[in-house]
Amino acid sequence: DPLVELFYRAAAAGGIGVMLLITATSIAVLGFFARDHHGENTSHRIYAPLISTVLLLIVCYLAFDNIAALFGVDPDSDLVWIVPAVFAVVALAGTSWALALRIRRPYVYEALGLGAGYTPPVR
């Protein structure tokens, strides 16, 4: 049934995408605390984020190593390389856009993540 396969594969791809976002966030936490301790002790700012990052990277590796089984397809199926390629292209596009904003419109880049109610200062 094409609909069952479509929803199953879309859910599996979505799960992998969420896992990649959580892993990227875990890596970002390491960078955040590397810049400033924010009054946290060593176990909260180094050990816990490092352990979670390593474990998440292992899980990501295992997911991509077994992606054919996750999607329920043959190992030589196109989905085995298309899905990781799509994630890589989207990540590259987002990073490129952020770098372009940082260079061309730094005030917009600085306001990222501050919410819709943020009012930039008058320059």
Please report the interatomic distance [atom1]([X]) to [atom2]([Y]), rounded to the nearest 0.5 Å.
{"X": "Y118", "Y": "E110", "atom1": "OH", "atom2": "CD", "answer": "7.0 Å"}
{"X": "R45", "Y": "D36", "atom1": "CZ", "atom2": "CG", "answer": "9.5 Å"}
{"X": "S26", "Y": "L57", "atom1": "OG", "atom2": "CG", "answer": "7.5 Å"}
{"X": "T25", "Y": "L30", "atom1": "OG1", "atom2": "CG", "answer": "11.5 Å"}
{"X": "W97", "Y": "L92", "atom1": "CH2", "atom2": "CG", "answer": "14.5 Å"}

Same cluster for [X] and [Y] if Ile/Leu/Val/Met/Phe/Trp/Tyr side chains link at under 4.5 Å?
{"X": "V18", "Y": "L56", "value": "yes"}
{"X": "I58", "Y": "Y61", "value": "yes"}
{"X": "F87", "Y": "I27", "value": "no"}
{"X": "W81", "Y": "V90", "value": "yes"}
{"X": "I16", "Y": "L79", "value": "yes"}

Between I103 and P106 the two heavy atoms that sit nearest each other are O-CD, 4.1 Å
According to the ring pair (Phe, Tyr, Trp, His ring centres under 6.0 Å) rule, which pairs have a member within residues 18-49, sequence neighbours left out? F32-H38
Show which side-chain atoms of residues 62-75 pair as donor or acceptor with protein atoms under 3.5 Å away, not counting sequence neighbours.
residue	atom	partner	partner atom	Å
N66	ND2	L62	O	3.0

